[in-house]
Amino acid sequence: MKKLILFGTILFFTACSGEKTDQLLLELDKKKLAENINYDKITFYKFAKIAVRSTAVQDTTQPEYQKFSKQAQSVVKTLNSINGHSKENISVIEALMVYKEYRSVKQFVKETDEDVFPLLTEGFITMNSGTKMPNPFFKDSDKAYYQNIEHAILSMAVLTTRDLGQPFALYECYKTQPELLDDCEIKTLLEFVRGFLFFGNNLFYLSEDGLSRNIKWLDKNEKIPLPYTKSFFGWGNLNDEQTHLAFHGMNYIFRGFDRMRMERKIDEERSLEDFEAFLTDMNKLGIQNELVWGITAYLNLKKEKPEKSLPALEKLSQSPLFSNSEREALQQTMVYVKDRKSDKALTGVYDKAFIGKIATKYMIALLAKVNWEKLMKDQGVPYTKEVFAGINKFKTLSNSVSEYTQPSTIEKGKKEIGKKGSELLEKAKGLWN
């Protein structure tokens, strides 16, 4: 019996000390993602979205609606007063009143899934028309699908806005369920954007998972046109076949970046295979850019062929994407290379973190050029105007509330209210408590 217990104990500790599986690491990333979006600005964004969505509630006896209806009416009233195409902020008293409403239901917002409410599109329509729609916009069986489309569109739409950007896009990605979307170009492009965002937040296993699905889908659908993808990357000079090949390569390189930053030896080996596949696709197209130069240099240094990495490093050092200090680092790398010190180059200035920085800088520069509103209008996406006007309203509301509720600006807010007279002072009582 003692021998059996000892054997079982050995097996247990062997299992615990063994290498983590892909599935286990993926589950750990999912937990990290939930933690990454759990902070105040995201909660306030969710608060504003729930307020809009709740305006379309048909059954007002729902407990979620009852807990939130008063605050929702106040927020929607303020949102209606905001010009979605103007840069003007709301008044200090409006911002502080909204913040007071937010504080009163903050815990409820954190604990509530926004998707228990009607679609955001329904909310915008109701908010703009002033009357509730007589029937649900979509049947219950379709609601999950369409709200997933909404989260997908929002994840890409807020990504390039200066005031919202990546944290809010990450939240929308968290809310998307790609498995609910049909296999199509939009789903594949969404998976790529998610992959980039997850990579930027060190969620490498989540990123790799989606990009792997993309590669499989692209391998099976070589003839499908990719108009959104072509516009997204600015590949107007490529035909459908070339666009497919280029996007295929982009999924390989970002999966390679994920695997490069993972801990296991097998992941590093897989990353090198992905980088080779990326260069194969790019070389077929004759594409030259920072990603191509960065990976060319990296692979040649890994293969201990430093002289072959020099032309790519020289091109990188002249790129406008990099700061002066980063260019100096690249120059230092070239000194190591000329002295045939590949190992020193790879463990010094031109390491894995620097390679990842190249990828991030390239994608951010690319995304800054995408006009998602125009692209969606051109492709006939319904209610594009309303969605983007709503995003601008959310942005204005968030900025105003943030401006007037920081400790450094509270005194400024009090003075502004004081100038407006006793009536506003009466309304403002308790706002700072």
Side-chain angles (χ1 to χ4, degrees), residues 20-30 33 144-145 148-149 151-153 155-156 169-170 172-201 203-233 235 238-262 264 266-285 287 291-292 295 299 356 359 363 366:
K20 295 174 181 176
T21 65
D22 290 345
Q23 188 59 41
L24 176 61
L25 292 165
L26 182 62
E27 292 303 317
L28 289 172
D29 260 12
K30 288 178 181 178
L33 172 58
Y145 174 81
N148 196 47
I149 291 284
H151 288 305
I153 289 174
S155 70
M156 292 185 275
L170 188 67
E172 294 294 353
C173 281
Y174 170 74
K175 292 299 296 176
T176 56
Q177 297 172 281
E179 65 274 11
L180 296 180
L181 292 173
D182 297 330
D183 285 341
C184 62
E185 183 194 8
I186 284 291
K187 177 179 177 178
T188 310
L189 193 53
L190 170 63
E191 288 276 32
F192 180 82
V193 172
R194 280 163 53 97
F196 167 67
L197 288 170
F198 291 156
F199 168 75
N201 286 272
L203 301 167
F204 305 123
Y205 300 94
L206 270 175
S207 177
E208 180 201 37
D209 187 52
L211 294 171
S212 294
R213 285 195 294 271
N214 269 8
I215 290 168
K216 288 178 183 177
W217 185 82
L218 287 165
D219 285 340
K220 291 179 182 178
N221 297 276
E222 295 183 3
K223 303 298 181 183
I224 290 181
L226 303 171
Y228 284 106
T229 306
K230 189 180 291 190
S231 297
F232 181 85
F233 286 100
W235 290 335
L238 303 183
N239 60 31
D240 288 343
E241 184 179 347
Q242 291 169 327
T243 299
H244 183 283
L245 188 61
F247 189 40
H248 188 257
M250 290 299 292
N251 279 275
Y252 264 113
I253 190 175
F254 273 93
R255 190 175 72 173
F257 287 134
D258 288 324
R259 290 171 167 177
M260 181 180 70
R261 299 294 299 275
M262 293 174 181
R264 301 174 306 180
I266 189 172
D267 294 316
E268 184 178 9
E269 292 169 0
R270 290 169 176 173
S271 75
L272 298 179
E273 293 172 1
D274 283 346
F275 291 150
E276 292 283 7
F278 163 74
L279 286 183
T280 298
D281 286 345
M282 295 300 111
N283 288 335
K284 286 179 183 177
L285 296 168
I287 289 177
L291 294 180
V292 172
I295 294 304
L299 286 178
M363 281 305 302
L366 187 74

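Using a 4.5 Å heavy-atom cutoff, the side chains of E241 and L245 are not in contact. The shortest distance between side-chain heavy atoms of L25 and R264 falls below 4.5 Å.
Evaluation of the side-chain hydrogen bond (donor to acceptor under 3.5 Å, both in side chains) rule for T176 yields R194 as partners, not counting sequence neighbours. Listed by chain and number, the residues in a side-chain hydrogen bond (donor to acceptor under 3.5 Å, both in side chains) with N283 amount to none (sequence neighbours excluded). For the side-chain hydrogen bond (donor to acceptor under 3.5 Å, both in side chains) test, residues two or more places apart in sequence or in another chain that qualify with T229 are E185. Not counting sequence neighbours, the partners of Q177 by the side-chain contact (heavy atoms from CB on, under 4.5 Å) test are N148, E179, L180. D281 is linked by a salt bridge (charged side-chain N to carboxylate O under 4.0 Å, His left out) to nothing, counting only residues two or more places apart in sequence or in another chain. Partners of N201 by side-chain contact (heavy atoms from CB on, under 4.5 Å), not counting sequence neighbours, listed by chain and number: N36, L170, L203. Applying the ring-ring contact (aromatic ring centres under 6.0 Å, His included) rule to F233 yields the partners F192, W235, F247; only residues at least two apart in sequence or on another chain are considered. Residues passing the side-chain contact (heavy atoms from CB on, under 4.5 Å) test with I186 are C184, Y228, sequence neighbours excluded. In terms of the salt bridge (charged side-chain N to carboxylate O under 4.0 Å, His left out) criterion, residue partners of E27 (sequence neighbours excluded) are, by chain and number, K30. Considering only residues two or more places apart in sequence or on other chains, D274 meets the side-chain contact (heavy atoms from CB on, under 4.5 Å) condition with Y252, R255, R259. With sequence neighbours left out, H151 forms a side-chain hydrogen bond (donor to acceptor under 3.5 Å, both in side chains) with D115, E172.
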**OP:** Could you walk me through whether L218 and H244 pass the side-chain contact (heavy atoms from CB on, under 4.5 Å) test, one step at a time?
**Re:** CA-CA 7 Å; L218 287 165; H244 183 283; 3.8 Å; yes

**OP:** Please step through ring-ring contact (aromatic ring centres under 6.0 Å, His included) for the pair F198 and Y205, ending with a clear verdict.
**Re:** CA-CA 9 Å; F198 291 156; Y205 300 94; over 10 Å; no

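Remark: side-chain polar atoms of N251 are not paired, donor with acceptor, to backbone N or O of I215 under 3.5 angstrom. The backbone N or O of F204 lies less than 3.5 Å from no partner atom in the side chain of S207, so there is not a single donor-acceptor pair. Listed for the D258 side chain is a donor-acceptor partner under 3.5 Å among the backbone atoms of E208.
Using bins of under 30°, 30° to 60° and over 60° for the plane-to-plane angle, the ring pair F257/F199 lands in the tilted bin.
A169 and S155 get closest at one heavy-atom pair: CB-O, 3.3 Å. Scanning all heavy atoms of the two residues, the minimum distance from A152 to L190 falls at CB-CD2, 3.5 Å. What you find for L272 and L299 is that their closest heavy atoms are CD2-CD2, 3.8 Å.
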Check: residues 219-226 side-chain donor-acceptor pairs under 3.5 Å, at least two apart:
residue	atom	partner	partner atom	Å
D219	OD1	H248	NE2	2.8
N221	ND2	W217	O	2.8

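Remark: R213 CZ to L211 CG distance equals 9.0 Å, nearest 0.5 Å.
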